[in-house]
Amino acid sequence: MSSEQPASPVSPADFIRQRITADRAAGRHGGAVVTRFPPEPNGYLHIGHAKSICLNFGVAEEFGGRCFLRFDDTNPLREDETFVQAIREDVAWLGFDWGDRLTHASDYFERLHACAVELIRRGLAYVDHLSAEQIREYRGTLTAPGRESPYRARSVEENLELFERMRRGEFAEGECVLRARIDMASGNINLRDPTLYRIRKVAHQRTGEAWCIYPMYDFAHTLSDAFEGITHSLCTLEFEDHRPLYDWLLDQLDLPHRPQQIEFSRLNLAFTVTSKRKLSQLVERGIVAGWDDPRMPTLAGMRRRGYPPEAVREFIRRVGVTKKENTIEMGALESAVREHLNVHAERRLAVQRPLKIVLENWPDGQTETVSLPNHPADPARGSREVIFGRELYIEADDFMEDPPRKFHRLKPGGEVRLRGAFIIRCDEMIRDETGQVVELRCSYDPETRSGASGADRKVKGTIHWVHAASAIPVELRLYDRLFSAADPDGQGDYLAALNPESLVTLTGALGEPALAALGPGETVQLERAGYFTRDAASATGVLVLNRTVTLRDSWARLEAAAR
RNA sequence: UGGGGUGUAGCCAAGCGGUAAGGCAGCGGGUUUUGAUCCCGUCAUUCGCAGGUUCGAAUCCUGCCACCCCAGCCA
């Protein structure tokens with residue numbers, strides 16, 4: 001993947017890369033760079049995770065280091081092995097390779113337990129029999145200090161015995177926990193004797209019934225970093241005030257390595273949500289078709305939508321890494337997608353909402369073949385032959401009976417070029433009983449065939465078309481933003497901000513025959529309409545195309561501005 | 001009344017005491033058989049605000065303001 005160099009000027013190193021460079025210059029960690037991407041297997045990865053993945057794997061790659069893919073599976077209540085597989089696929093799809101460095105926090109349960117015992121021995125942890133509610137009360141508030149638990153003064157021997165009994169399952173869930181003994185008066189609530197282990201009498205997806213006590217995030221994560229020799233533990237801003245606890249744990253135990261935590265701001269995208277809770281709610285309530293619904297900001301959704309992984313990476317690169325809260329506009333992502341697809345996707349013709357036209361001066365029953373380039377800017381990609389004849393379909397939007405000024409498509413008595421073929425003139429409109437125009441009678445100019453001597457005659461517009469008899473039916477799924485508010489959470493209930501038109505399905509569309517050869521997941525540009533990707537998940541039979549992204553459309557902008 | 005962070009254009013983002021990079025969006029123009037692409041031009045006398053230091057401040061100091069995160073036996 002590193003073979004692709006972005007065309008854009010080199011971006012300056014972000015603060016994290018600057019810091020790593022400084023660490024290496026100072027000889028810290030022996031110059032090594034080891035990172036990790038630590039997802040919890042309780043949901044699918046989304047665009048926010050892509051930032052973390054690109055950062056962690058990217059940094060390791062750039063500095064000749066290593067990156068672990070570590071599943072943070074310390075809470076068997078919420079996690080599931082099926083998510084592990086999905087996450088592996090997503091990381092691989094994005095273009096990163098963890099080699100033999102796929103680990104689980106649960107791989108370290110035994111060592112983690114030994115560390116907990118060591119903390120108890122050093123008088124730095126105790127078994128607390130306060131209830132969850134009492135612990136909360138004793139913790140104090142943001143502005144008032146907490147109080148010490150009456151169990152805080154238990155002896156090392158008693159704590160050792162109690163913790164062992166916790167492990168053996170002699171206590172019920174919630175009866176007691178293991179806590180660190182730090183400072184109940186700290187201004188940082190994470191230091192008010194945080195819970196290290198809790199009892200969960202449920203089978204773990206990987207360790208089965210081996211354990212009934214499970215480590216908490218701060219404990220497991222910090223020590224896993226140390227065990228794996230992580231040098232730079234990169235995480236998001238909300239963990240900033242966990243860093244003192246992270247460092248405290250590293251200070252108290254004799255560990256082989258001393259990692260450092262560095263925080264950066266998470267990526268927020270306008271007009272969507274990226275909280276796992278909300279995304280799973282969309283799936284569970286059937287608001288979207290699944291985690292891989294093309295409207296979802298998940299990697300699986302973007303893949304099915306047709307976003308190239310290169311474009312996602314380029315987008316992440318453009319967005320940068322800082323500590324500032326941010327909300328990135330959708331346009332930035334779409335721009336990266338268009339930029340990649342513009343050079344890589346072949347061109348095809350299809351009509352989204354067909355309007356029939358008949359060329360009355362074209363001999364009945366006769367057809368000809370016209371040649372269309374697969375990529376106008378890249379002749380090496382060849383061309384294809386398309387049948388042309390008397391009965392065709394054009395885009396309904398490309399005809400207006402009473403058009404505004406500067407509308408240079410087809411109008412009564414007007415001329416337009418059919419892409420790659422002839423110039424035609426609209427002679428007559430056929431209406432149904434309601435007065436609706438349902439068909440156009442036209443005539444073509446035989447001198448204007450593309451490539452012929454008369455073809456240089458200028459007309460204002462060029463529109464796309466398909467040949468009626470040879471066109472194939474296609475189903476087009478037109479996607480738009482999932483929410484109609486830039487910040488769906490802004491008004492409280494994010495579900496109220498759902499965009500009712502986030503999916504419009506066009507079942508009557510017609511495409512040129514070459515579209516039948518499109519493979520699942522393959523993307524083409526339907527000229528003047530947008531980039532479309534053959535759906536990889538829908539049943540065979542109908543050809544289903546997902547609209548990946550529209551083309552930039554300055555006419556649509558003019559129209560909108562006029563209104 | 002606590003602790004931790006962040007403020008540079010509509011959205012991102014460089015800058016690290018020597019006179020505001022770049023991208024996205026926008027705007028103007030050129031090319032074009034995709035109203036696409038491509039090309040050219042334009043877009044911050046000013047960096048949250050107010051003082052101070054300095055020949056010189058977005059960068060250093062002081063004070064203020066705004067916004068975000070933290071009171072799970074979640075991660």
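For clarity, every value in this text was computed on a predicted model and none was experimentally measured.
One cannot find a donor-acceptor pair under 3.5 Å joining the base of rG5(B) and the side-chain atoms of Glu325(A). Judged by atom type and distance alone, Asp241(A) reaches the base of rG3(B) through a side-chain donor-acceptor pair under 3.5 Å. Contact of Arg347(A) with rU34(B) (side chain to base): a donor-acceptor pair of N or O atoms is detected under 3.5 Å. The base of rU34(B) is not paired with the side chain of Arg528(A) by any donor and acceptor separated by under 3.5 Å. Judged by distance alone with a 3.5 Å cut-off, a donor-acceptor contact links the side chain of Ser450(A) to the base of rU33(B). Between the side chain of Arg318(A) and the base of rG22(B), no donor-acceptor pair of N or O atoms lies under 3.5 Å. Checked by distance alone, Glu133(A) brings no side-chain donor or acceptor within 3.5 Å of a matching partner on the base of rC73(B).
Note on ring orientation: taking the six-membered ring where Trp is involved, the planes of Tyr151(A) and His129(A) are tilted (angle from 30° to 60°).
Here Phe109(A) and His204(A) bring their ring centres to under 6.0 angstrom of each other. Checked against a 6.0 Å centroid threshold, the rings of Tyr246(A) and His242(A) do not count as neighbours.
Residue-level contact check: Arg139(A) touches the backbone only, with heavy atoms under 4.0 Å from sugar-phosphate atoms and none from bases. Here Ala132(A) lies in heavy-atom contact (under 4.0 Å) with a base. Note on Arg78(A): a base of the nucleic acid sits closer than 4.0 angstrom, heavy atoms only. When heavy atoms are screened at a 4.0 angstrom cut-off, Gln525(A) is found touching base atoms of the nucleic acid. Within the 4.0 angstrom heavy-atom criterion, no nucleotide atom of any strand lies near Ala336(A). Across all strands shown, Phe407(A) has heavy atoms under 4.0 Å from base atoms, whether or not it also approaches the sugar-phosphate. As judged by a 4.0 angstrom heavy-atom cut-off over every strand, Leu142(A) is placed among the base-contacting residues. Across all strands, Tyr197(A) comes closer than 4.0 Å to no nucleic acid atom at all (heavy-atom distances). When heavy atoms are screened at a 4.0 angstrom cut-off, Ile135(A) is found touching base atoms of the nucleic acid. When heavy atoms are screened at a 4.0 angstrom cut-off, Pro376(A) is found touching base atoms of the nucleic acid.
Of all nucleotides present, only rG63(B) satisfies the Watson-Crick or G-U wobble test against rC49(B), with each distance under 3.5 Å. When both distances must be under 3.5 Å, the Watson-Crick or G-U wobble mate of rA9(B) does not exist. In this entry rC43(B) has no Watson-Crick or G-U wobble partner, no candidate having both defining distances under 3.5 Å. If you check rU19(B) for Watson-Crick or wobble pairing at under 3.5 angstrom, you find it has no partner at all.
Within the 4.5 Å cutoff, the side chain of Tyr531(A) has no heavy atoms near those of the Leu526(A) side chain. Residues Leu142(A) and Ile189(A) have side chains in contact (heavy-atom distance under 4.5 Å, counting atoms from C-beta outward).
Residue side chain Trp555(A) meets the stacking definition with respect to rG35(B): its ring centre sits within less than 5.5 angstrom of the base's six-membered ring centre, and the planes differ by less than 30 degrees.
For the P atoms, the distance from rC60(B) to rC43(B) is 29 Å, rounded to whole Å. When the P atom is used for both rA20(B) and rC16(B), the distance is 13 Å, rounded to whole Å.
Look at rG52(B): its glycosidic torsion is beyond 90° from 0, and that puts it in the anti range.
Contact between the side-chain N/O atoms of Thr74(A) and the OP1/OP2 oxygens of rA75(B) is found at a separation under 4.0 Å.
Heavy-atom nearest nucleotides on RNA chain B were determined for Asp72(A) and for Asp14(A), and the one closer to the 5' end corresponds to Asp14(A).
The side chain to side chain contact (heavy atoms under 4.5 Å, CB included) test with Tyr197(A) singles out one residue from Trp211(A), Tyr214(A), Phe219(A), and that residue is Phe219(A).
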